[in-house]
There are 4 protein chains.
Amino acid sequence: MFIQINPDNGLAIYDQVVRQVKFGIADGVLRKGELVPSVREMARQLAINPNTVARAYRQLQDEKLLETVRGTGLQVTETAPRQCRRERRELIGERLGSVLAEAAQSGLDPGELSALIEREMSKVNRRRKS
Amino acid sequence: MFIQINPDNGLAIYDQVVRQVKFGIADGVLRKGELVPSVREMARQLAINPNTVARAYRQLQDEKLLETVRGTGLQVTETAPRQCRRERRELIGERLGSVLAEAAQSGLDPGELSALIEREMSKVNRRRKS
Amino acid sequence: MFIQINPDNGLAIYDQVVRQVKFGIADGVLRKGELVPSVREMARQLAINPNTVARAYRQLQDEKLLETVRGTGLQVTETAPRQCRRERRELIGERLGSVLAEAAQSGLDPGELSALIEREMSKVNRRRKS
Amino acid sequence: MFIQINPDNGLAIYDQVVRQVKFGIADGVLRKGELVPSVREMARQLAINPNTVARAYRQLQDEKLLETVRGTGLQVTETAPRQCRRERRELIGERLGSVLAEAAQSGLDPGELSALIEREMSKVNRRRKS
DNA sequence: GTGGTCTAGACCACC
DNA sequence: GTGGTCTAGACCACG
């Protein structure tokens with residue numbers, strides 16, 4: 001499964017699902033025309049409530065990134081990949097900007113901030129390899 | 001006023017106040033023994049409800065960063081500055097780590113991520129100078 | 001309901017709720033993993049405002065005695081019972097010490113004090129049986 | 001000075017002053033016709049605000065335990081000693097009852113409660129001798 | 001004036 | 001249904 005839920009990162013669970021489905025599409029893990037996992041299957045795998053998954057899927061439909069295939073499931077739309085690649089930068093850029101703004105406003109000096117960024121980057125990379 | 005509330009950054013308002021008071025102490029804007037702005041004054045300046053400020057201040061008291069001076073106000077404790085400087089790195093590091101983890105997990109390639117960081121940093125710096 | 005609010009005993013209502021939930025856990029009325037009554041239910045039964053209950057529960061969470069189960073309620077943590085049994089003695093010992101100190105300082109003679117203790121003990125026991 | 005303020009015993013400061021003046025009268029430290037310390041003097045000695053002392057004295061006047069002597073100060077009334085001896089038992093009895101009720105309600109077993117009482121009594125006595 | 005507490009009632013996210 | 005947050009407005013104790 002390409003999605004990981006982190007209950008402590010401040011984002012609502014349904015929003016994490018939305019974002020990560022978008023990321024999956026942007027990344028090519030989910031291709032246009034492909035079916036996303038069913039609400040029940042996704043809920044089971046993430047150990048969250050099916051309603052929460054349903055809500056995320058509903059929002060993705062509203063944004064024309066998923067569409068129903070009668071009696072079969074939800075598939076990635078034709079136009080989704082391009083849109084998701086564009087959105088990925090925006091979504092991450094926004095969060096990044098918000099955090100960096102807080103860091104700057106906190107009086108943390110730029111050198112210390114750079115050190116922090118590097119440290120957290122290497123943490124992430126280490127986790128990634130394993 | 002050294003505090004700015006941003007209703008859209010996902011953090012609860014009371015939590016933003018908590019964090020920014022900590023940052024103010026870490027940064028030396030608030031020195032030990034100094035009184036923080038009164039609940040009512042802070043609420044007026046931030047245009048939020050006094051109860052929300054009171055809640056933030058209560059939490060800061062629970063963490064022994066503020067203490068009441070009866071009938072006078074709340075003052076920064078003796079030990080607060082050291083603790084706040086330590087915490088500042090942790091608080092920002094956590095949020096940073098969470099965002100970078102999402103970025104990595106999204107499949108965004110490292111070069112593009114670096115570009116994003118630089119872009120957002122320069123945005124923040126521009127805002128800072130003005 | 002295992003909780004009784006007494007508006008005239010000098011303790012804030014939220015604090016009475018905190019203490020009595022701790023006592024309930026110490027006493028085994030609330031076991032680890034069990035859900036405490038919902039905020040609204042508790043408020044209804046004690047005829048107090050839900051916010052007051054919420055505040056008490058929040059404090060119990062801060063002390064790691066309760067933890068949220070999303071969308072379900074608050075449950076007693078694994079470690080709560082041991083901690084609550086320890087705290088029970090402390091909480092009562094403190095109040096007892098404070099009253100006895102006042103009694104001693106008042107010049108009441110020890111014999112009269114003993115008589116008072118016995119009288120109040122028997123009052124309590126009588127109330128208890130009924 | 002026969003009065004000691006304890007900011008942490010849950011009672012308001014003015015109430016502690018009221019109670020302890022009553023205890024002083026009950027105990028004979030203050031005799032009928034004698035002048036109590038002036039508001040300013042008392043405030044200085046207890047390191048509290050004169051308004052707080054004034055408030056306590058006002059309440060004692062309302063209860064006919066103190067009366068003004070024009071241009072001189074406040075003196076203990078004729079009837080105060082008898083009344084204060086009676087009240088002393090009530091005031092202490094009430095607090096004692098409230099604590100014991102809480103102890104009983106907490107599920108603490110009677111043996112453990114007795115042990116606690118004894119421990120706190122001996123603490124008080126030790127402090128008293130020194 | 002200060003903080004502390006409580007009530008009433010609202011909206012949100014999640015199950 | 002659940003808890004979490006926020007607003008509005010009140011009263012009290014204290015300086």
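Since the model is a prediction, treat every value here as computed from it, not as a measurement. Throughout, a chain's letter reflects where its sequence line sits, starting with A, and its residues are numbered from 1.
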Query raised in the report: Is the phosphate of F/dT2, meaning OP1 or OP2, less than 4.0 Å from a side-chain N or O of C/Ser38?
Result: yes
Report summary line: The nucleotide from E/dG3, F/dG3, E/dC14 with an atom nearest the side chain of B/Val39 is E/dG3
Report summary line: Value for OG1 (A/Thr77) from CG (A/Leu66), rounded to nearest 0.5 Å, stands at 7.0 Å
Query raised in the report: Separation of B/Gln59 atom CD from F/dC6 atom P, in whole Å?
Result: 11 Å
Report task. Give a yes/no answer on whether the side chain of B/Thr52 brings an N or O atom under 4.0 Å of OP1 or OP2 in F/dT7. Result -> yes
Query raised in the report: With a 4.0 Å cut-off on heavy atoms, is C/Asn51 in touch with a base, just the backbone sugar-phosphate, or nothing at all?
Result: base
Requested in this report: Report the residue (B/Asn49 or C/Glu41) whose heavy-atom-nearest nucleotide on DNA chain F is the more 5′ of the two.
Outcome: C/Glu41
Requested in this report: Would you indicate which nucleotide in E/dC6, E/dG3, F/dG3 comes nearest to any side-chain atom of B/Thr68?
Outcome: E/dG3
Query raised in the report: When all nucleic acid strands are considered with a 4.0 Å heavy-atom cut-off, which category describes C/Tyr14: base, sugar-phosphate, or nothing?
Result: sugar-phosphate
Query raised in the report: Does B/Gln61 have a side-chain nitrogen or oxygen under 4.0 Å from the phosphate oxygens OP1 or OP2 of E/dG3?
Result: no
Query raised in the report: Whole-Å distance between E/dC15 P and C/Gln75 CD?
Result: 14 Å
Report task. Send over the distance from B/Leu60 CG to E/dG3 C1', rounded to a whole Å. Result -> 14 Å
Query raised in the report: Taking atom P of E/dC6 as reference, at what distance in whole Å does atom CG of C/Leu46 sit?
Result: 12 Å
**Report entry** Pair B/Ser106-A/Arg19, side-chain hydrogen bond (donor to acceptor under 3.5 Å, both in side chains): steps then yes or no
**Finding:** CA-CA 9 Å; B/Ser106 80; A/Arg19 293 168 77 97; over 6 Å; no
Query raised in the report: For B/Ala54 and B/Thr72, take the nucleotide of DNA chain E holding the closest heavy atom to each; which residue's nucleotide lies nearer the 5' end?
Result: B/Thr72
Query - C/Arg58 CZ - F/dT2 C1' separation (whole Å) - result: 16 Å
**Report entry** C/Arg55 side chain near E/dC6 phosphate (N/O to OP1/OP2, under 4.0 Å)
**Finding:** no
Query raised in the report: Whole-Å distance between F/dT2 C1' and C/Met42 CE?
Result: 15 Å
**Report entry** Euclidean distance, atom CZ of residue B/Arg44 to atom C1' of F/dA8 [Å, nearest integer]
**Finding:** 18 Å
**Report entry** C/Arg40 vs B/Ile48, nearer the 5' end of DNA chain F by closest nucleotide
**Finding:** C/Arg40
Query raised in the report: With nearest nucleotides of DNA chain E determined for C/Asp15 and B/Val36 from heavy-atom distances, which residue corresponds to the more 5′ nucleotide?
Result: B/Val36
Query raised in the report: Between F/dA13 atom C1' and B/Arg70 atom CZ, what is the distance in whole Å?
Result: 8 Å
Query raised in the report: So what's E/dC14 paired with, Watson-Crick or G-U wobble, going by both distances under 3.5 Å?
Result: F/dG1
Query raised in the report: Crowded around B/Glu78 CD? As in, over 12 foreign heavy atoms under 6.0 Å?
Result: no
Query - B/Gln4 atom CD, over 12 foreign heavy atoms within 6.0 Å - result: no
Query raised in the report: For the side chain of B/Gln75 and the backbone of B/Val69, is there at least one donor-acceptor N/O pair under 3.5 Å apart?
Result: no
Report summary line: Rounded to the nearest 0.5 angstrom, the CD1-CD distance for C/Ile5 and C/Gln20 is 5.5 Å
**Report entry** Given F/dG3, E/dC14, E/dC6, the nucleotide with the shortest approach to the side chain of C/Ile13
**Finding:** E/dC6
